[in-house]
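The next block holds one structure in the form of structure tokens; read it before the comments.
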Amino acid sequence: MQKKLQIDLSTLLASLWLCLMLLTAVTAPLIAPHDITAMDLRHRLSPPFGFGGTVVHLFGSDDLGRDVASRLYYSIRTSLLIAFGATVISVLVGTAIGFIAAYFKGIVEHFLLLLIDVQASLPFLIVALAMLAFFGNSLPLFVALMGLYGWERNARLARGLALAAGSQGYAGATRQLGAHPLRIYLRHILPNSAATLLVAATVTFPEIILVESGLSFLGLGVQPPMTSLGVMVGTGREYITRAPWMLLAPSIVIVLTAVAVSVLGDYLRDKLDPTLT
Amino acid sequence: MTLLQLEKVSRRYPIGNTVFGSRKSLTAVDQVSLEVKKGQTTGVVGESGCGKSTTGRLALGLEQADSGHVLFEGKELAASGTREWRLRRQRMQLVYQDTLAALDRRMTVGDLIAEPLVIHEIGDRPSRRQRVLDLLQAVGLGEHHRALYPHQLSGGQRQRVVLARALAPSPSLLVCDEPVSALDVSVQAQIVNLLVDLQQDLGLGILFISHDLRVVRHVSDRIVVMYLGQVVEDGRADAVIDQPLHPYTQALVSAMPRLPGGFDHYLPLPGEPPSPTERPSGCPFHPRCDRAKDICRQTPPELLTLGPERRVACHLVSNP
Amino acid sequence: MNPMLNTPNANSAGAALFASQDVAGRRKRPVLTVNGLIVSFNGVAVLQGVDLAVDKGEAIGIVGESGCGKSVTWRAVLGLLPKSAKVMGEARLDGFNLVGAKSSVLDRVRGGRIAMIFQDPASALNPVHRIGAQISEALFLHRGLTGAAARAAARRLLDQVGIPDAQSRLNAYPHELSGGQNQRVMIAIALAGEPELLVADEPTTALDATVQAQILLLLKDIQRDTGMGLVMISHDLAAVAAVCDRVCVMYAGRLVEEAPTPTLLNTPQHPYTRDLIGAIPPSDGPRVRLTAIPGAPPHRVLPSGCAYAPRCRSADGACAMTRPDMRAISAKHVVRCIRVADGACQ
Amino acid sequence: MTSLLPYIGPKLLRAALSIIVVVTLTFFVLRASGDPALQILGPGARAPDLAAFRQQWGLDQPLYVQYLRYLWGALQGDFGNSMLAGKPAAELVLERMPLTLALMLPALALNVLIGIPVGAYAAMHRDSWIDRSVMMLTVLCFTVPSFVLGLLFILIFSVTFGLFPSGGADKWQSFVLPVLTLGTGGAAVIARFTRSAMIEVLSQLYIVAASAKGVTWRQVIYHHAFPNAIIPILTLLGLMLGGQVAGAVLVENVFGWPGIGQLLVISVGNRDLAVVQVILLLVALTMTSANLTMDLLYGVVDPRLRNARQGSH
């Protein structure tokens, strides 16, 4: 048996891509050659460098002559920030609710299970759509709303983990020693669930990227003058015949990032918690 | 001296749905009385669904009895989860079958054994460390095991860790729920010998729950035989095994293959233990009893005291 | 003790002509002989070369602790191991080697000539098919029965294994039956192909004590009535001894002792066998201290000499050096220990 | 049937409760978001106009009166009128229903017909190069967002090759791209899930036992493994419907498909309360009834769930 940590090619590529994305997100203000709202009306819809365009606009420019590359860097920054914040919220909220449901039996548990059922009966995108339209939009609100994505799945998972540790497992064994419930949850169940919840987060993260970009694509997510990957795809669709690069650049980033997180998630799952499907 | 006493303890679980379908309840433990004396072992034996594990959990207060009393060291057990109940944990400990599930896989053996000391704020860091080393030695493990994780140990070694952990707060009572059932014969013998030795050294009272009549006979001073949530017979270990009075105990003893001799003494017993949801009327054992009479089908037998340490619940014995 | 040291059973005419491999000489023609069976998973050998033979109409027991390879031996013989297992050696049924045989051949042998039942009857039956259908499937595969004929035969089989109200039980699903009844159904399925050999892999480990006795005695009765061979694999020496004519003790992927049941129980020669017997709490008589074998069986890597030497109380330097061979010490008694003298038990 | 009630009863009760909670939550959350009169008439509207509008729509009543009125109406099939179109909201939604179904049903069929065989094949050839490449492809398929996939399809098949129209719902050709877009992701998810379900089932003891009684490998797969693997797949199908509905909203938007999804986006943009509520209710109803159906099917496929009175003998 080989003991060395074996990383296959796809996992390596995925990690490299994610590092690149992270780097881009962090250094966006430094590496962006133009301001994202700066219009260059002489170079409207100019193609990317190498396809008849100039080095000034590396990935071409859009209908208002704004630099696609600069907008792309900032979009990555916004999209990753939203997805990261929302994933953290989703896992935290879900875990808390799941543990509460597992600890309190009876009416509290039934109520939380009903809420989980309700959420599961309404696709999140549609809920978010309605909420955003009627409540208006600001970035913190948007992140908070996206943080609700997948909470019910994480809650179910956390509840399942807590129950499994329960009467027959290590939690029950510690309980009979006389430990306080807080100790059982914080010192035993939470650390034991961390790996599984982390894997769950790698499932939630790319999905939030997709939902965020979908909402922004519909014009209901991130609002101009800010930009995100979905906003760019949404603007790009109008120029699909004349300037496909406006659409392709952000699309490729969305797809590759989502694939990379999935691949990394699979790897983590194999390493940390092979029982998960 | 009586350490633990269960007096007519019952436990029912609601089954089925409350709104749809008929509401039924399952009587897992029915009017069970038994006692564990200091320095002695009481064995509880019976087949699956007889309520022996529930009895163990009731004895520890891990479950609340619907009726009856659980007295530990002369005092009624406080309600589960209360502060008082948690404090009592030091004196009564559980040893369980599935050691892999019951030991937190992220903690080292040393931390696991020290945990009860931490929970009950016994000693300081250096004294706990010393206590862990003493306990490891007492259960036949070495100092090097302290830094290992549960999955790095064999089943027998894990059971030793569970024992050390249970002994850490110096309890007076151990409830052992199928402690050796998951182990191979050779390892089973190691653990059984260890238990017997520890009991002699520490004067522990043990409630030993198992489906294995051989092991129960080997470790117990008294044996309680359970069937469908009820005590059908109890008494001194030798008496119960060598001169069983209840037809069920007789069948149970005869179903144990002798070495040598096999099933030479086998008394055929038809059918299987019924599910606790469908308890027959009268004596719970009558559908499988070839000597059942009318009274057995109608009236549940009382647990009759036959001698100072002998009770049996059977119409055939009480009015032959 | 059962007075059935090999019931006289005439060899079927026209059976294959192969020499019996037994060390012990005088023996009837075996149904199955296993020679030098070696199994390894990912380069780790779990069987180190197993030789044994089962005679027609004989009940043999295979005893050993978990991981000793008792189950793997028989799964290897029937080709039931996962693809990652490498199997070498031979398992001859009427002279035909089953190891490496084509799956079309194995499909006819399995359930037809050699049937197998498993430890956990509840999970060995397919949860979505009715009992009747699962028995009929075996009847169709090996006896070509379909429709009403299959149903009638299935009902007879359920009667034979002692399931009351067989007719209505045919329509039941496995989850509607108890563990003991499910094991009876498994036995019925095994009998459907009228096998010459039934391999029972820990058939009663998952069952309650009173049910265990019922099933063991049922197996014994069926074996005696039909004249088939029975191989009972178990960690429980007492259960095996109660049912089998001959017992093979396995340790770390090898047979270490083999003898008729009374011989093995009364004069065990291998230290492991002796310790194993001493570790079982006696069911009557005075309570003596149990023999606790120190340590645990070797895992993955075998010691260079005798595999049991590190745990053996009578081992000396020689035991740790040389790997002992199987030696006959009397007509039917073989043992793998260098410290046992020839004819020691005579 | 009587034996089914204890099994399906609690599920029905929970489904009904969820629907009531959905109706209540949407009602209050949407009302709490601001004054629809101001939103519809605009901030420049005069006070008498606003008052008249409020009176016309009953917005001057206390919130709980509005709620009870809404509930009472809903029970009689009256979900209020669209503030924008002046027509009953339910009518507006139901008009568009056939087109959305025409998109979703073929997409679901595509999911199942491609996903299950591909997944089962991959499981049977576990760790072969086919298995690995199929699994790689499925990751790609379910991570591409539907609107990106739709636009890519348009770019390739409409703009570059001119094979299919890029929008509208008038010819059969118009169906091809939206259905493909909507079906691809789901098929990938089902394929992956089927694979793991089959692998799980193939490791069970009854599979070994079936081989031990002489069943050929082919029959073991078809007759013993597959009927067991289908059980978890059914649950997944119920859960996936939500993703399909969300996907439909986006895909309808990409292809200018005049279905409910498009109506939702328009109504949300126009703050048309009644219509949004009807759509949310419709979605919740569809999802819960789909899950209920799956639960029932579950009972049909898995005999263990059929009779609640286990162990009766």
Side-chain angles (χ1 to χ4, degrees), chain C residues 74-75 78-84 103-130 133-135 137-142 163-165 168-169 171-181 186 189-190 192-193 195 199 201, chain D residues 3-4 6-7 122-129 131 197-235 296-313:
Chain C
W74 295 93
R75 291 202 184 196
L78 286 176
L80 292 173
L81 291 174
K83 278 182 201 149
S84 58
S103 60
S104 57
V105 179
L106 280 176
D107 284 337
R108 271 182 294 129
V109 171
R110 295 193 284 232
R113 303 193 58 186
I114 305 177
M116 189 159 179
I117 62 174
F118 299 88
Q119 171 176 352
D120 185 3
S123 50
L125 287 165
N126 195 323
V128 304
H129 295 313
R130 293 176 198 277
Q134 301 198 44
I135 303 175
E137 186 178 31
L139 286 166
F140 169 73
L141 287 168
H142 302 292
I163 289 191
D165 194 12
S168 72
R169 283 294 176 220
N171 290 324
Y173 286 98
H175 74 270
E176 296 170 306
L177 303 185
S178 65
Q181 281 178 324
M186 281 303 293
I189 292 174
V199 180
D201 185 358
Chain D
S3 67
L4 212 59
Y7 168 65
M124 281 182 275
H125 300 81
R126 192 181 176 184
D127 292 335
S128 67
W129 68 269
D131 176 31
M198 277 297 271
I199 287 175
E200 162 77 22
V201 167
L202 286 175
S203 71
Q204 298 294 313
L205 184 59
Y206 55 77
I207 296 300
V208 180
S211 298
K213 72 176 175 181
V215 183
T216 60
W217 185 236
R218 216 183 138 78
Q219 278 303 103
V220 168
I221 297 284
Y222 287 121
H223 193 231
H224 289 273
F226 197 67
N228 283 287
I230 204 79
I231 297 168
I233 296 175
L234 276 182
T235 334
L296 268 178
L297 270 180
Y298 221 78
V300 172
V301 183
D302 189 346
R304 281 165 293 189
L305 296 176
R306 212 171 300 157
N307 43 353
R309 42 194 182 86
Q310 277 199 10
S312 57
H313 39 256

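Throughout, protein chains are lettered first and strands after them, A, B, ... in sequence-line order, and every chain is numbered starting at 1. Just so you know, these numbers come straight off a predicted model, no measurement behind them.
Both the backbone and the side chain of Ser123(C) come within less than 4.5 Å of a heavy atom in chain D. Contact annotation for Ile231(D): only side-chain heavy atoms (C-beta onward) come within less than 4.5 Å of a heavy atom of chain C. Heavy atoms closer than 4.5 Å to chain D are found in the backbone of Leu125(C), but not in its side chain.
Panel note: side chain His224(D), backbone His129(C); no donor-acceptor pair is recorded below 3.5 Å.
Expressed to the nearest 0.5 Å, how far OG1 of Thr216(D) lies from CZ of Arg110(C) amounts to 10.0 Å. We find the NZ-CD1 distance between Lys213(D) and Ile117(C) to be 13.5 Å, quoted to the nearest 0.5 Å.
When Ala124(C), Ala115(C), Ala172(C) are compared by the number of non-hydrogen pairs under 4.5 Å with chain D, Ala124(C) comes out ahead. Note on His142(C), Met116(C), Glu137(C): by heavy-atom pairs under 4.5 Å with chain D, the leading option is Glu137(C). Note on Gln134(C), Gln119(C), Met186(C), Lys83(C): by heavy-atom pairs under 4.5 Å with chain D, the leading option is Gln134(C). Of the listed residues Val109(C), Leu141(C), Asp120(C), the one with more heavy-atom pairs under 4.5 angstrom with chain D than any other is Leu141(C).
With a 4.5 Å cut-off on side-chain heavy atoms, Ile230(D) and Val128(C) do not count as touching.
Val215(D) and Asp107(C) make their closest contact through O-OD1, 3.6 Å (heavy atoms, listed as atom of the first residue, atom of the second, distance). The two residues Leu205(D) and Arg75(C) come nearest to each other via the heavy atoms CD1-NH2, 3.8 Å.
Considering Glu176(C), Arg130(C), His175(C) as possible partners of Pro303(D), the one that fulfils the side chain to side chain contact (heavy atoms under 4.5 Å, CB included) test is His175(C).
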